[in-house]
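Here is the structure we will look at.
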Amino acid sequence: MNQIEHKLKQALQEAVQHAFGVELLPEEIVIELPKQVNFGDYSSNVAMRLAKQLRQNPKMIAQEILNHLDNEKAGVRLAEPAGVGFINFFMLQDRLADILTLVLKQDKEFGQSIRHDAHKINVEYVSANPTGDLHPGHARGAAIGDSLTRIMKKAGYDVTREYYVNDAGNQINNMAKSLQARYLQACGKEAEVPTDGYHGKDLIEIAAGIRAQIGDLYAETNTEETLAYFRTIGLVEETKKLREDLATFRVEFDVWTSEQSIYDRGLVEKALKQLTDHGKTYESEGAVWLRTTDFNDDKDRVLVKSTGLYTYLLPDIAYHLDKKDRGFDQMIDLLGADHHGYINRLKAAIQALGYPSEDLEVDIIQMARMIKDGEEFKMSKRTGKAVALKDLIEEAGVDAVRYYFVSRAGDTHMDLDLDMASRQSNENPVYYAQYAHARLCSILRNATMEIATEFSDLSHPKEAELLKQMIDFPQMIADAAFTRQPHKVCNYIQRLASSFHAFYGECHVLDQENPALSAQRLGLVKAVQITLRNALTLIGVDAPEKM
RNA sequence: GUCCACGUAGCUCAGCUGGAUAGAGCAUGCGCCUUCUAAGCGCACGGUCGAGGGUUCGAGUCCCCCCGUGGACACCA
């Protein structure tokens, strides 16, 4: 809630009180930004909401409220009833322009909120297995997860970014065997990658590197030790590659947690014991089961197989228990669509451990289809024909790829047209915002005067529009963080860039004839540049000074 | 078969806890550079919001039922 809306709300609240003796809560008064300029700067449907309760015509109620409204206190120049019972507000120009002083002062900090709750939040994303290159689904999760955590931090949340490395499961043995086969091939031997192994080209490259380093040392042996060697070196190399690719994509993590370390620290046994102590496990058919059906799952799940080995679910539960033990009040997992059926299980396990299910929120990131030359790119890591994150970056660049992924809600299916994304032209939306920023910087470079300290002459409709958008910036961030929808920031960027381009067309900033107005407009330009840059930073896209 | 998500302009997608004439980009057509970056601006074209019912002052938004798309339904990870 910003100052402008806050004061308007308060004044409305008082007016309703005086007019009808009704005490409304702040959240009962809805202030919105009208779609059309002739509906004012802000509007409210408060009269319509009161209509039922008061058994009166909403238009009459609106008029009565306005009769009691303190315009000066509300910051309102003109307020009028409209339509079926809306009240439209036209604000005092100088109240809107106050935002400029704030933006110019806060600069990089503009948009930053302070929250007073001490909630610690853990956000886990990507967490791709270290068995191959990152595919577009991972890339989408990476772009969204990284942007979301930047936004949450800006909104004042205490956020830790985490990557869970599945380095202990059976898939790692498959990777090791596959790598071994690639190594033998590199040594000129006959060897086949297992059918359930990993056929990606990344292992060929790693194998070549190993050959270069150790020569034919392991070409003739095939013992447990040999496999362990490939297992270890494969993990090291694959993990290193993951980190590098993500860093190139400007995606960072605070914590990398290894599944193996969960085992090594005895956390799996601890989790199993805690579940058993809570009476949530039982034995049947030689296996140990978790009563997930007590918590809205379709069927109970196996924790310990009849062979005595753990299923993948148990270490995952242990991992989430570890997060709670590390002091996180809330855990947010961004999982790929293929993990859909996993949500109920995991949430059930959280409850079985004794925590409320809300402590874990799972957002599904839908797969994305890659389109090139009008056809779909398939992305199977196992066929070797994978489209990797690296390929995407090479095709279209980090900015465009990140922008495209973040611009769409994560839970919807989407197509990424690489032809479009790679085009350095006006057909590509990402450059629209960057170009606006470059234009802003250009004006600032060309300016010879100082920025004004008061802004009472900015009364052009395009100027007012920009002011209102900047006023909305912190609230937009709070909304994007709360709903966990980073694409709202993209929408905002498009709106702001569009408003600026329109302003640029209608209002000349640097005008020798009118230095006073120029100095004020220069302040507006600087503030918009700050806001646009801050917004682009939230989604990890560069704000270039020249294009 | 069961469960979940999605279905909005020719294409890709927005649409804030239900609000005024459903928006943007791309594509198509027409205008605008002797002035701060034309990677831009303005105008036009384009819709039974998948179909049908319901809830109410009001539904793209909530409920029910169909149709379509994707995904999930292991003692695999």
Side-chain angles (χ1 to χ4, degrees), chain A residues 27 30 32-36 39 43 45 48-49 51-52 57-58 82-86 88 129 131 166 168-174 196 259 284-289 298-299 301-313 315-316 336-344 364 366-367 369 371 404 407-409 411-417 420 423-436 438-447 475-476 479-480 483 485 487-488 490-491 494-495 497-498 500-512 518 521-522 525 546-547:
Chain A
E27 54 267 30
V30 176
E32 48 190 15
L33 298 167
K35 291 166 195 160
Q36 290 182 45
F39 291 157
S43 73
N45 62 0
M48 286 142 85
R49 298 214 156 194
K52 189 181 279 179
N57 182 325
V84 289
F86 288 95
N88 295 338
N129 289 347
T131 52
N166 288 102
N170 196 38
Q171 78 279 4
I172 300 302
N173 287 329
N174 288 338
D196 59 346
E259 181 184 0
S284 173
E285 303 163 57
V288 179
W289 298 69
D298 306 334
K299 50 173 291 197
R301 306 292 169 174
V302 173
L303 296 175
V304 185
K305 299 184 231 176
S306 54
T307 59
L309 294 173
Y310 299 136
T311 61
Y312 62 97
L313 179 60
D316 267 14
D338 53 337
H339 287 73
H340 203 163
Y342 204 46
I343 301 175
N344 276 345
I364 287 299
Q366 277 290 349
M367 294 293 168
R369 293 198 312 166
I371 308 290
Y404 266 88
S407 67
R408 310 298 185 215
D411 59 358
T412 59
H413 313 293
M414 74 169 281
D415 289 355
L416 174 55
D417 186 340
M420 163 85 87
R423 219 165 291 162
Q424 305 244 340
S425 75
N426 58 345
E427 293 164 47
N428 192 338
V430 69
Y431 295 112
Y432 183 79
Q434 293 188 318
Y435 183 61
R439 261 185 161 179
L440 285 156
C441 289
S442 173
I443 296 173
L444 293 167
R445 269 196 305 273
N446 292 334
Q475 207 168 316
M476 179 280 297
D479 184 42
T483 58
Q485 298 189 315
H487 74 271
K488 289 183 172 178
C490 280
N491 293 345
Q494 284 302 310
R495 280 200 305 276
S498 167
F500 168 68
H501 283 310
F503 161 80
Y504 184 93
E506 287 194 34
C507 304
H508 199 85
V509 178
L510 305 176
D511 183 359
Q512 301 296 337
S518 289
R521 284 188 168 162
L522 198 57
V525 164
K546 284 184 182 175
M547 283 176 75

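The analysis underlying the following values was restricted to heavy atoms, covering all of them including side chains, and did not include hydrogens, waters or symmetry mates. Every chain is numbered from 1, with letters handed out A, B, ... down the list of sequences. This structure is a prediction, so every number in the text was calculated from the model and none was measured.
Within 4.0 Å of A/N166, counting heavy atoms only, lies no atom of the nucleic acid at all. Within the 4.0 angstrom heavy-atom criterion, only backbone atoms of the sugar-phosphate kind lie near A/A409; the bases stay farther away. Among the atoms of the strands shown, none is found under 4.0 Å from any heavy atom of A/M476. Using a 4.0 Å heavy-atom criterion, one finds that A/V30 contacts the bases of the nucleic acid, with or without backbone contacts as well. Among the atoms of the strands shown, none is found under 4.0 Å from any heavy atom of A/D316. A/K546 comes within contact range of at least one nucleobase, with a heavy-atom separation under 4.0 Å. Base engagement by A/L510 is indicated by at least one non-hydrogen atom pair under 4.0 Å involving a base atom. Residue A/V509 is classed as a base contact, given a heavy-atom separation below 4.0 Å to a base. Among the protein residues, A/Q434 comes within range of no part of the nucleic acid, since none of its heavy atoms lies under 4.0 Å from any strand. Contact annotation for A/G169: backbone-only contact, meaning every heavy-atom pair under 4.0 Å involves sugar-phosphate atoms and none involves a base.
Considering only side-chain atoms of A/A82, the nucleotide from B/C41, B/C75, B/A20 that sits closest is B/A20. Of the candidates B/G40, B/U12, B/C75, B/C75 carries the atom nearest the A/A287 side chain, counting heavy atoms from C-beta on.
Dashed line: the shortest gap from a side-chain N or O of A/R495 to OP1 or OP2 of B/G23 is not under 4.0 Å. Contact check, A/Y504 against B/C33: no side-chain N or O comes under 4.0 Å of OP1 or OP2. Residue A/K305 places at least one side-chain N or O under 4.0 Å from the OP1 or OP2 atom of B/C76. Contact check, A/H487 against B/G15: a side-chain N or O comes under 4.0 Å of OP1 or OP2. For the OP1/OP2 pair of B/A39 and a distance below 4.0 Å, the side-chain nitrogens and oxygens of A/Y435 include at least one atom meeting the criterion.
Between the CD atom of A/Q494 and the P atom of B/A39 there is a distance of 17 Å, given to the nearest Å. Distance A/R408 CZ to B/C26 P: 12 Å, rounded to the nearest Å.
Within 3.5 Å, no donor on the side chain of A/D338 pairs with an acceptor on the base of B/G71, nor the reverse. Side-chain to base pairing of A/Y431 with B/A39: no donor and acceptor N or O lie closer than 3.5 Å to each other. Remark: the A/S306 side chain and the B/C75 base include a donor-acceptor N/O pair separated by less than 3.5 Å.
For the pair A/S498 and A/A438, nearest-nucleotide mapping onto RNA chain B gives the more 5' position to A/A438. Summary of the strand contacts: A/H508 and A/V304 both lie near RNA chain B, and taking for each the nucleotide with the nearest heavy atom, the more 5' one is attributed to A/H508.
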Under a cut-off of 3.5 Å for both distances of each Watson-Crick or G-U pair, what dot-bracket string does RNA chain B give, using [ ] for crossing pairs and | for inter-strand pairs?
(((((((..((((.....[...)))).(((((.......))))).....(.(((..]....))).))))))))....
When every nucleotide of nucleotides 3-9 of chain B is labelled 5' to 3' by its protein contacts under 4.0 Å (heavy atoms), B for base, S for sugar-phosphate only, - for none, what sequence of letters results?
-BBS---
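A/F503 and A/F500 have tilted rings, their planes meeting at an angle from 30° to 60° on a 0 to 90° scale.
An aromatic stacking contact between A/Y342 and the base of B/A72 is absent, as defined here by ring centres under 5.5 Å apart and ring planes under 30° from parallel.
Of the C1' atoms belonging to B/G54 and B/A59, the separation is 11 Å, rounded to the nearest Å.
Separating the CG atom in A/D479 from the CD atom in A/Q485 is a distance of 8.0 Å, to the nearest 0.5 Å. In this structure, CZ on A/R521 lies 9.5 Å from NE2 on A/H508, to the nearest 0.5 angstrom.
No side-chain donor from either of A/Y312 and A/N166 sits under 3.5 Å from a side-chain acceptor of the other.
Because its glycosidic torsion is within 90° of 0, B/C33 is reported here as syn.
Scanning for side-chain contact (heavy atoms from CB on, under 4.5 Å) contacts around A/T412 gives A/R140, A/A409, with sequence neighbours left out.
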